[in-house]
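Okay, so here's the structure we're looking at.
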2 protein chains.
Amino acid sequence: MKTPTSLAKIDGIDKKILRFLMQDARKPVLEIARSIGISGAAIHQRLRKLEASGLLSGSKFIVNPKSLGYTTMAYIGIYLDKAMSNPIAVKQLEKIPEVLECHYTTGNWSILIKVLCRDNEHLMQVLNKEIQAIEGISRTETFISLAQQIDRQITI
Amino acid sequence: MKTPTSLAKIDGIDKKILRFLMQDARKPVLEIARSIGISGAAIHQRLRKLEASGLLSGSKFIVNPKSLGYTTMAYIGIYLDKAMSNPIAVKQLEKIPEVLECHYTTGNWSILIKVLCRDNEHLMQVLNKEIQAIEGISRTETFISLAQQIDRQITI
DNA sequence: CATGAAATCACACAATG
DNA sequence: CATTGTGTGATTTCATG
């Protein structure tokens, strides 16, 4: 087995286009066209191809959580009971809006989640009233992010 | 002291606009306007205000790393030597393109990073040749993400 | 694959209620 | 704070090198 998912083959022009749009999804295609010296229609064709290949999975507006009063980010390692099936716990975690990521991981924990809360008190409530209340979750270890110094996507 | 950063006050219409654009940054403003029943110009005014308030920190095209052959994601907890100043290590980590996030955390480690690699072998090389080579980094603990079941932004 | 032309649509800035 | 109107520019598609 050597083909996990068909790899997209992209050339230098695709990379340039992507680098622009990964920085600013609303950058007009025609501006990019002028920057890299090909026509707007050519960029359209390439973007359609990249979408069809699955390489582009959409675009997002990024909201700054601090502006909404969310200042406390934390990672939480979760130990599940042996008998517990992981998907059931995940389904419960999905219902907690403060949970932004959830990974099934190797190592000490069964799963590792990232949560975003307003403050420490809010984090404590999410931990005690929401997460610990989920059946099958036995113990947790919390790591509060005091500062995030790097946040980026894959380098193209 | 009660004002960490001025909180943006947003109403229901702002929320609707944001929910659309957080899903798809390129959704035409006029489409949103029709969906929620106000004029396009009104949405523009609101977006300008939200940008000015700092709530919107841009937009991004999302690329699917698997399409580029990057299938191994991992979190790495890093112990720094006591004498080590955190910013210097971070500066070195920034130079490693596989490092996507870097958090200064409470708990066992000094910092927690997220890396994205092509495969386990690539991860091993990044660990041994790049990360362990940084002065001040004494020990690391790696947690490979076998599957990511939740990935989203803050709920508005 | 890239181009250019043409039709449609969106944007942005007013001035105004 | 929302609306309408308007000039300008962007998007999208198509037929064609």
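Treat the numbers as computed from the prediction; the structure is a model and nothing was measured. Residue numbers begin at 1 in each chain, while the letters A, B, ... track the order of the sequences.
As rounded to whole Å, 12 Å separates atom C1' of C:dG4 from atom CG of A:Leu30. Taking atom CD on A:Glu31 and atom P on D:dA10, their separation rounds to 7 Å, with Å as the unit. At whole-Å resolution of the value, CZ in A:Phe20 and C1' in D:dA10 are 17 Å apart.
D:dT16 and C:dC1 have their C1' atoms separated by 12 Å, given to the nearest Å.
Within a 6.0 Å radius of CZ in A:Phe20, other residues, nucleotides and ligands contribute more than 12 heavy atoms. Residue B:Tyr104 qualifies as open at atom OH: its count of foreign heavy atoms under 6.0 Å is 12 or below. Around CZ of A:Arg48, the count of heavy atoms belonging to other residues, nucleotides or ligands within 6.0 Å does not exceed 12. In A:Gln23, the CD atom is not crowded: 12 or fewer heavy atoms of neighbouring residues, nucleotides or ligands sit closer than 6.0 Å.
With hydrogens and angles left out, the side-chain atoms of A:Asn108 and B:Glu141 include no donor and acceptor closer than 3.5 Å.
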With both pairing distances under 3.5 angstrom for Watson-Crick or G-U wobble, and | for a partner in another strand, the correct string for DNA chain C is .||||||||||||||||
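Among D:dT13, D:dT11, C:dA2, the nucleotide with an atom closest to any side-chain atom of A:Ile13 is C:dA2. Across C:dA2, D:dT3, D:dT11, the shortest atom-to-atom separation from the side chain of B:Ala42 is found for D:dT3.
Of the residues in residues 21-29 of chain B, those lying under 4.0 Å from DNA chain C by heavy-atom distance are B:Pro28, B:Val29. Residues from residues 43-64 of chain B with heavy atoms under 4.0 angstrom of DNA chain C, sorted by number: B:His44.
In this structure, B:His122 and B:Tyr70 have perpendicular ring planes: the angle between them is above 60°, well past the 30° mark. Ring pair B:His103/A:Tyr75 is perpendicular by interplanar angle, where above 60° counts as perpendicular and below 30° as parallel.
The pair A:Asp151-B:Lys114 fails the salt-bridge criterion, with no side-chain N (NZ, NE, NH1 or NH2) lying under 4.0 Å from an Asp/Glu carboxylate O.
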Salt bridge (Lys or Arg N to Asp or Glu O under 4.0 Å) assessment of A:Arg139 paired with A:Asp81: CA-CA 9 Å; A:Arg139 208 157 64 81; A:Asp81 294 343; over 6 Å; no
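Of all heavy-atom pairs between B:Ile111 and B:Asn86, the closest is CG2-ND2, 3.1 Å.
Using a 4.0 Å heavy-atom criterion, one finds that B:Ile38 contacts the sugar-phosphate atoms exclusively.
Taking CG from A:Leu21 and CD1 from B:Ile62, the interatomic distance works out to 11.5 Å, rounded to the nearest 0.5 Å.
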